[in-house]
Amino acid sequence: NYLTQTYERPRADGRMPWEEEGGFSVVDLLPWSEEDRQAMAMVNKRIPNWRKAMLMPSSEAGVRRRWRVLAEASGGAVAGLASLDRNVGIMCMSEGVMQAASDALVKNLGREKAAEVVRKNPGVLAIRASALQGDRLARTVFVADIIDVLAGPGKPFVVFLQYFFVVAILKAFSDMAAR
């Protein structure tokens, strides 16, 4: 990042931290669970061209590995499905980045509180692990609470504001056109 003068460095194998882990895993041999299939269906529905999308894995095995990290960080497969539904874009992060963020949250908050924060805002798994400590972690938890309110019980209010701004912009344009 040019502004903060922090740079992501390639790993020893030459890959950048956000690139797909790839390779073979013993987990790839296990049969798909019902939750795995539901997660894959959700990704197919919400990101139809995911195989070609930037930062997305190019195989179902890659999606499954990322999904498993999300499910574990969320506190289970059912909670993972809810987290994936809330923010399917988290699948653009590599499993290494997501796992490191999850480990940092668990280390600093404990397993239950970390899972709660991930369920409220799955996007926290995209944050660099070194940034999930101290004051930055407190701000992250606070923002997750706000996102939970706005995406949950506050959603009708957010929809109202969206329509309000559209109407206000249309009214402004019509007033300018009337001149």
- Answer yes or no: does atom CZ of Arg37 have more than 12 heavy-atom neighbours from other residues, nucleotides or ligands under 6.0 Å? yes
- Note on the structure: One should read off an interatomic distance between Glu116 CD and Asp148 CG, to the nearest 0.5 angstrom, of 8.0 Å
- Message: I'd like to know whether CG of Asn49 has more than 12 heavy-atom contacts from other residues, nucleotides or ligands below 6.0 angstrom.
- Response: yes
- With sequence neighbours excluded, what pairs up with Ala100 under the side chain to side chain contact (heavy atoms under 4.5 Å, CB included) test? Ala129
- Would you give the length of the straight line joining atom CG of Leu132 to atom NZ of Lys107, rounded to the nearest 0.5 angstrom? 11.0 Å
- Query: Do Ile47 and Leu81 share a hydrophobic cluster, counting only Ile, Leu, Val, Met, Phe, Trp and Tyr and linking them when any side-chain heavy atoms are less than 4.5 Å apart?
  - Reply: yes
- Message: Using side-chain heavy atoms (C-beta onward) and a distance below 4.5 Å, is Met91 in contact with Val63?
- Response: yes
- Message: In the structure I gave you, are the side-chain heavy atoms of Lys113 and Val141 within less than 4.5 Å of one another anywhere?
- Response: yes
- Task: Check whether Val143 and Leu125 end up in the same hydrophobic cluster, where Ile, Leu, Val, Met, Phe, Trp and Tyr are linked by side-chain heavy atoms less than 4.5 Å apart.
- Result: no
- Message: Between Ser102 (side chain only) and Met98 (backbone N and O only), is there a donor and an acceptor less than 3.5 Å apart?
- Response: no
- Could you tell me whether the side chain of Asn108 and the main chain of Ala104 form a donor-acceptor pair under 3.5 Å? yes
- Task: Might you point out which heavy atoms bring Glu35 and Ala77 nearest each other, and give the distance in Å?
- Result: CG-CB, 3.4 Å
- Query: Hey, are the side chains of Val97 and Arg128 touching, using non-hydrogen atoms and a 4.5 Å cut-off?
  - Reply: no
- Verify the cluster assignment for Val158 and Ile146: are they in a single hydrophobic cluster under the rule of side-chain heavy atoms below 4.5 Å apart? yes
- Does Leu105 reach the side chain of Leu137, with side-chain heavy atoms less than 4.5 Å apart? yes
- Message: Nearest 0.5 Å, please: how far is NZ in Lys120 from OG in Ser74?
- Response: 13.5 Å
- Note on the structure: Taken to the nearest 0.5 Å, the spacing of Ser94 OG from Arg65 CZ works out to 11.0 Å
- Query: Is it true that atom CD of Glu112 has more than 12 heavy atoms of other residues, nucleotides or ligands lying nearer than 6.0 Å?
  - Reply: no
- Would you find a donor on one side and an acceptor on the other, under 3.5 Å apart, between the side chain of Arg66 and the backbone of Ile90? no
- Taking salt bridge (Lys or Arg N to Asp or Glu O under 4.0 Å) as the test, write out the residues that go with Arg119, two or more places apart. none
- What are the two closest non-hydrogen atoms of Leu70 and Ser83, and how far apart are they? CD1-CB, 4.1 Å
- Note on the structure: Arg51 meets the salt bridge (Lys or Arg N to Asp or Glu O under 4.0 Å) criterion, sequence neighbours left out, with Glu60
- Message: Do Val69 and Met93 make a side-chain contact, defined as non-hydrogen atoms from C-beta onward lying under 4.5 Å apart?
- Response: no
Would you list the atom pairs, donor with acceptor, under 3.5 Å between side chains in residues 162-170 and any protein atom, with sequence neighbours excluded?
none

- Item | Residues in salt bridge (Lys or Arg N to Asp or Glu O under 4.0 Å) contact with Arg139, at least two apart in sequence or another chain | none
- Message: Taking Leu109 as the starting point, is it possible to reach Val118 by hopping between hydrophobic residues whose side chains are less than 4.5 Å apart?
- Response: yes
- Message: Can you confirm whether Val124 sits close enough to Ile127 that some side-chain heavy atom of one is under 4.5 Å from a side-chain heavy atom of the other?
- Response: yes
- Message: Test of understanding: with side chain to side chain contact (heavy atoms under 4.5 Å, CB included), list the residues that count as partners of Asp36, not counting sequence neighbours.
- Response: Trp32, Ser33, Arg64, Trp67, Arg68
- Arg46, CZ atom: more than 12 neighbouring heavy atoms under 6.0 Å: yes
